[in-house]
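All values reported here derive from a predicted model rather than from experimental measurement.
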Amino acid sequence: MHSPMSRLVFYGFALVLELLIAVSLPSCRSGIGREDLLSSVPRNAVMVKAVNLEALCSEAGCSLPSRGDSLSRLSATLAACAVEPDLRGVFSLVVEEGAGNVDFTTVVSFTSSAGRDVALMGVSSRGALLNGLLRRLPSAGEDAPALTADDGFEFLQVGGGVVAVRDGVCYISRDLNDIKDAVVHAQTASIQALTGIAGFFEEDAPACIAVNCARSPLSFLGGEDRWLCVDFKTSQRELTARARVLSDSGAVDSIGTRFNTIDPDILRFIPRDVAVLVAFGRFTGNQRSLSMFLGRFMPAYMPQADGSTVLFATPVGAPDDVAAGRPGSWRVGTVVHLPGAIADSCIAEYRASAPPDVRSTGSDMYSYSVDGLEYCFGKYGDYVAFSSGGAVVDGSGGEAYGELLRDRRAVMSVSAPAGSLLARAWRLSGGLSFSLVVHADAVEAKMVVDGESRTALAVLLSLERFPDFYERFRADTGR
């Protein structure tokens, strides 16, 4: 089991990879470009994603398999991120069979307005691909697969899905009708008709995703003419991602204005050298979305907060305990600014629900123990604080994080220097830092590795149980 703090940290990583996604074998260039593929995506799609799978594998230090070979662990993880969950099994077979024939420099996938998932990519020889897939499937019995033609498509039922080829494009979906419906709708109006969104997909990035705000759980960001657009770039030591809300025409809209600017007064409550830090100004947006991300770290009375909030944590146990989130392995603290009367009632409620041995440690400050672990809560003016595991919250932290937090609306920061307890818990051979910063018109994320022979992308994908967190994030958020 992972601790809530571990889950919070990896959700930050997973959000980046989920919103984005991203050689030694001969590459195929089918002549079908990204624009051609996007012309098959209906204008009213819920989500559209374009991934250069070859480039991402190269950046991760792996390669796509030769024809007939199996995906490596890293390439399989990247391939899984290129398409939606229902299509991953079939897409993996296409990747394993498509070397030199399928163009993996642009894999486009989308979710239609009817909730159907479709992936498409260029292919130079439909016969070579489909016959190769056919040879992989059982060939005996009444249910033996066969190549079939319908409305110009030549297709094959594969592993609970369908692979279809027409006019140099390979389509993957659960059902041929989903592909045919999408093509018909795209012929009437494709995503290419939206000049701003089409322009976004022309940017030089190995992975891009656009999610329509009105047709997804992001309706709080805008209506049908607004899209959350995220692009992802990678280098040897860094991964960067940028999220913006764009209109159909490409105008940049606000994204972070539901967070007020972080009050610098709250800096004094943050101890030096914390490993994980989350801070944000007063939040006036969707409280459910915020609580879904923060989990049990969502401070009490958060909806009534009239100022800034900080959450921080430092690992203190043995590396295996920290990785597993065992009790007492993390020191955790939260501080939230509340209206005076609500702050008073919050402390009164904490006292009423605390064990009988709760004791006063100062003016409006209390502590108690459960199973040998110490918990503290109290009030500093109109700030309410709660901590566990011996974390100190006393307002004497100074301004160690001033440069990171000043004039920001929301920030998440993770620091695991080489040789640190957190680095050892995550089995890193070097160091890692991660930051996510919310501005008025953009959200920017960056991961930097240090002292590593592997690339930043390879490190991210290799973090212990990262795929589990990715899937758990999807399950917990209903994505």
**Request:** Report the C-alpha distance between Ser254 and Asp441 in whole Å, list the side-chain angles of each, state the deciding distance to 0.1 Å, and finish with yes or no for side chain to side chain donor-acceptor pair (under 3.5 Å).
**Result:** CA-CA 5 Å; Ser254 64; Asp441 58 357; over 6 Å; no
**Asked** Does the pair Arg136/Glu96 count as a salt bridge with the N-to-O cut at 4.0 Å?
**Response** yes
**Message:** Using the rule given for side chain to side chain donor-acceptor pair (under 3.5 Å), can you reason through Ser125 versus Asn101, listing the C-alpha separation, both sets of side-chain angles and the distance that settles it, and then say yes or no?
**Reply:** CA-CA 6 Å; Ser125 171; Asn101 185 30; 4.6 Å; no
**Prompt:** Between Thr77 (side chain) and Arg73 (backbone), is there a donor-acceptor pair under 3.5 Å?
**Reply:** yes
**Message:** Could you tell me if Thr111 and Asp117 have a donor-acceptor pair between their side chains, going purely by distance under 3.5 Å?
**Reply:** yes
**Request:** If the plane angle is over 60° it's perpendicular, under 30° parallel, otherwise tilted; pick one for Phe259 and Phe283.
**Result:** tilted
**Prompt:** Around atom NZ of Lys180, are there more than 12 heavy atoms of other residues, nucleotides or ligands at under 6.0 Å?
**Reply:** yes
**Request:** Assess whether salt bridge (Lys or Arg N to Asp or Glu O under 4.0 Å) is satisfied between Glu452 and Arg237, documenting all intermediate values.
**Result:** CA-CA 8 Å; Glu452 278 277 358; Arg237 294 185 59 246; over 6 Å; no
**Asked** Side chains of Cys170 and Val163: does their closest heavy-atom pair fall under 4.5 Å?
**Response** yes
**Asked** So does Glu203 pair up with Arg242, basic N to acidic O under 4.0 Å?
**Response** yes
**Request:** Would you name the heavy atoms of Gly281 and Ile262 that are closest together and state the gap between them?
**Result:** N-CG1, 3.6 Å
**Item:** Minimal non-hydrogen separation, Gln236 against Glu59, with atom names
**Value:** N-OE1, 4.4 Å
**Prompt:** salt bridge (Lys or Arg N to Asp or Glu O under 4.0 Å) with Asp320: which residues, sequence neighbours excluded?
**Reply:** Arg427
**Within the 6.0 Å centroid threshold, strictly below: Tyr171 and Phe153** = yes
**Request:** Please confirm whether the backbone N or O of Ala99 pairs with a side-chain atom of Arg67, one donor and one acceptor, at under 3.5 Å?
**Result:** yes
**Message:** Checking Asn44 against Ser113: is there a side-chain donor and acceptor pair closer than 3.5 Å?
**Reply:** yes
